[in-house]
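Encoded as structure tokens, the structure appears first; notes follow it.
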Amino acid sequence: MNRTKPLELDQLVDKVMAELEKKLLSQEQPLPLVTEAGGNRDPSLRSPERSPRAPAHAEPDYGGGTTADEADSDRDLSDSPAENDANEAPPVSKIPSPKWADGMGELVSSTPARIGVWRTGTRVLTKELLKFRCDHAAAVDSIYGEVNSSLLGEFGLFQVETHFRDTDNYLKRPDMGRVITDEGAQLILKRCIMRPQVQIVVSDGLSANAVDANLADVYPSLLDSLASYGLTQGTPFFVRGGRVAVMDHIGDLLQPEALVLLIGERPGLVSSRSMSAYMCYRPHRGTVESDRTVISNIHPGGTPPVEAGAHIGTILHKMLEQQASGVNMEL
């Protein structure tokens with residue numbers, strides 16, 4: 001498989017920012033005054049770049065520039081939304097003196113999108129640009145990353161693969177991620193309980209980081225929730241290179257009453273570690289998407305993983321009671 005281990009981008013960005021701050025500080029040191037022949041300093045001959053009065057052709061001050069960039073330097077890039085949702089400080093508009101401060105504050109607080117980040121001249125602030133590139137790189141790494149094998153071993157998940165071949169083909173041919181290989185199908189039939197009440201399946205999907213970041217909280221919480229409702233589960237396992245509809249193939253193999261697939265979501269610039277839980281009553285080949293029930297945005301900055309695990313168990317309980325899922329089930 002063509003996936004590589006995610007890079008430690010935060011450390012790299014921190015080093016770059018440290019070097020930029022050093023250069024900015026060195027540029028702010030007072031320039032030497034031009035001295036006359038007699039050795040007396042003439043303040044009027046100070047370099048025009050440091051003159052208290054800006055020249056007529058200078059770039060207008062929009063409230064950004066170096067000062068705004070430095071004021072934001074106390075925020076560490078390691079707390080960017082894509083990498084550390086739980087520790088991210090509440091968003092604050094960086095627009096100096098907005099005409100409607102309350103409205104701007106409400107807008108910024110209502111969404112994790114990049115708004116109110118301001119600028120220096122016509123350009124985005126360096127800090128914001130680096131954060132954008134860092135979050136984008138984290139999203140790419142999530143797609144090409146691999147789930148930690150020790151995590152799978154901790155929960156006793158054996159592994160099978162789909163026909164995806166490699167990541168590039170996985171992105172181009174979603175259909176190949178919906179069918180498990182013949183070897184994988186045989187292993188499932190050999191090791192799994194047939195016709196379980198609830199079948200739990202985990203897959204990397206489009207974000208291996210999502211599994212690494214959330215499984216340790218979601219999975220135990222889900223087991224506790226199932227136990228509280230008196231529900232039994234089959235033999236859990238991990239599908240490498242899986243798509244959502246792989247649950248249909250698994251349904252044909254094991255014929256569970258209900259199946260839940262914990263899968264990594266398509267990463268974005270807000271979070272590269274978001275997981276979804278797709279559930280279906282008696283899935284089979286030909287199941288339509290409207291027959292599936294889903295809980296999405298499972299990550300520390302969205303639906304908390306522990307809370308999500310408990311809620312999944314509740315939905316599965318209702319699913320079995322009503323013998324329906326998707327649009328046919330009443331929540």
Side-chain angles (χ1 to χ4, degrees), residues 1 146-165 170 175-205 208 210-212 214-264 275-287 291-295 308-309 312-313 315-317 319-321 323-326:
M1 185 172 168
E146 290 187 10
V147 174
N148 191 334
S149 59
S150 62
L151 178 65
L152 302 179
E154 179 182 347
F155 294 110
L157 305 178
F158 69 90
Q159 180 174 294
V160 297
E161 293 187 1
T162 65
H163 289 279
F164 76 106
R165 290 210 310 260
Y170 175 86
D175 57 304
M176 299 184 74
R178 299 169 186 156
V179 181
I180 295 173
T181 62
D182 293 339
E183 295 81 0
Q186 292 175 8
L187 185 60
I188 290 173
L189 292 173
K190 179 180 179 180
R191 299 189 59 173
C192 292
I193 300 172
M194 291 296 294
R195 299 180 181 85
Q197 196 170 24
V198 176
Q199 177 64 51
I200 301 175
V201 180
V202 181
S203 180
D204 47 4
V211 178
D212 287 340
N214 300 299
L215 186 63
D217 292 323
V218 172
Y219 187 69
S221 177
L222 171 57
L223 296 183
D224 290 343
S225 183
L226 293 177
S228 69
Y229 287 110
L231 302 178
T232 59
Q233 62 157 328
T235 309
F237 58 92
F238 175 77
V239 177
R240 190 178 183 185
R243 293 281 185 172
V244 172
V246 74
M247 58 197 307
D248 300 344
H249 189 192
I250 297 170
D252 286 341
L253 292 172
L254 298 178
Q255 300 176 21
E257 289 189 53
L259 189 150
V260 55
L261 175 66
L262 304 175
I263 188 169
M275 173 183 281
S276 286
Y278 284 86
M279 293 159 277
C280 189
Y281 179 74
R282 294 185 177 176
H284 57 276
R285 289 181 188 270
T287 297
D291 286 339
R292 308 187 204 279
T293 301
V294 62
I295 298 176
I312 293 168
I315 292 179
L316 290 170
H317 174 64
M319 189 176 292
L320 293 173
E321 279 188 337
Q323 297 184 357
S325 58

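We count residues from 1, following the sequence as given. All of these numbers come straight from a predicted model, not from anything done at the bench.
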*Do we see a donor-acceptor contact under 3.5 Å between the side chains of Thr232 and Gln197?*
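Present: a donor and an acceptor within the cut-off.
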
*Can you tell if the side chain of Asp204 reaches within under 4.5 Å of the side chain of Arg240, non-hydrogen atoms only?*
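Counting from C-beta outward, Asp204 and Arg240 do come under 4.5 Å.
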
*Heavy-atom side-chain proximity of Val198 to Leu320 below 4.5 angstrom*: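 A side-chain contact under 4.5 Å exists here.
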
What is the minimum heavy-atom distance between [X] and [Y], and which atoms define it?
X      : Y      : value
Ser276 : Val294 : CB-CG2, 4.2 Å
Ile315 : Met279 : CG2-SD, 3.7 Å
Met319 : Ser325 : CE-CB, 3.6 Å
Gly205 : Ile263 : CA-CG1, 3.6 Å
Pro196 : Leu254 : CD-O, 3.8 Å
Val239 : Val246 : CG1-CG2, 4.4 Å

*Residues two or more places apart in sequence or in another chain: which of them pass salt bridge (Lys or Arg N to Asp or Glu O under 4.0 Å) with Arg178?*
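Checked Arg178 against salt bridge (Lys or Arg N to Asp or Glu O under 4.0 Å); zero matches.
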
*Mind checking salt bridge (Lys or Arg N to Asp or Glu O under 4.0 Å) for Asp291 and listing every partner two or more places apart, or none if nothing turns up?*
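For Asp291, no residue satisfies salt bridge (Lys or Arg N to Asp or Glu O under 4.0 Å) once neighbours in sequence are set aside.
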
*Taking Arg243 for its side chain and Tyr170 for its backbone only, find out whether a donor-acceptor pair lies under 3.5 Å.*
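Side chain of Arg243 to backbone of Tyr170: a pair is present.
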
*Is there a donor-acceptor pair closer than 3.5 Å between any side-chain N or O of Thr293 and the backbone N or O of Gly326?*
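Here the side-chain-to-backbone pair exists.
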
Hey, what do you get for [atom1] ([X]) to [atom2] ([Y]), rounding to the nearest 0.5 Å?
X      : Y      : atom1 : atom2 : answer
Cys280 : Leu261 : SG    : CG    : 11.0 Å
Ile250 : Arg285 : CD1   : CZ    : 11.0 Å
Thr235 : Gln199 : OG1   : CD    : 6.5 Å
Phe238 : Leu262 : CZ    : CG    : 11.0 Å
Glu146 : Asp212 : CD    : CG    : 10.0 Å
Ile200 : Gln233 : CD1   : CD    : 4.0 Å

Pair up each side-chain donor or acceptor in residues 150-160 with any protein partner under 3.5 Å, not counting sequence neighbours, and list the distances.
unit_1 : atom_1 : unit_2 : atom_2 : d
Ser150 : OG     : Asn148 : OD1    : 2.6
Ser150 : OG     : Asn148 : ND2    : 3.3

*All pairs passing side chain to side chain donor-acceptor pair (under 3.5 Å) where residues 217-230 contributes a residue, at least two apart*: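 Sorted result for residues 217-230: Tyr229-Thr314.
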
_Stepwise side-chain contact (heavy atoms from CB on, under 4.5 Å) test for Tyr278 and Val260_ = CA-CA 6 Å; Tyr278 284 86; Val260 55; over 6 Å; no

If you look only at distance, which donor and acceptor atoms sit under 3.5 Å apart when one is on a side chain in residues 186-195 and the other is two or more places apart or in another chain?
unit_1 : atom_1 : unit_2 : atom_2 : d
Arg195 : NE     : Gln255 : OE1    : 3.3
Arg195 : NH2    : Gln255 : OE1    : 3.4

*What do the steps show when you test Met275 against Val211 for side-chain contact (heavy atoms from CB on, under 4.5 Å), and what is the final call?*
CA-CA 7 Å; Met275 173 183 281; Val211 178; 4.3 Å; yes

*Under the side-chain hydrogen bond (donor to acceptor under 3.5 Å, both in side chains) test, which residues partner Glu183, sequence neighbours left out?*
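For Glu183, no residue satisfies side-chain hydrogen bond (donor to acceptor under 3.5 Å, both in side chains) once neighbours in sequence are set aside.
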
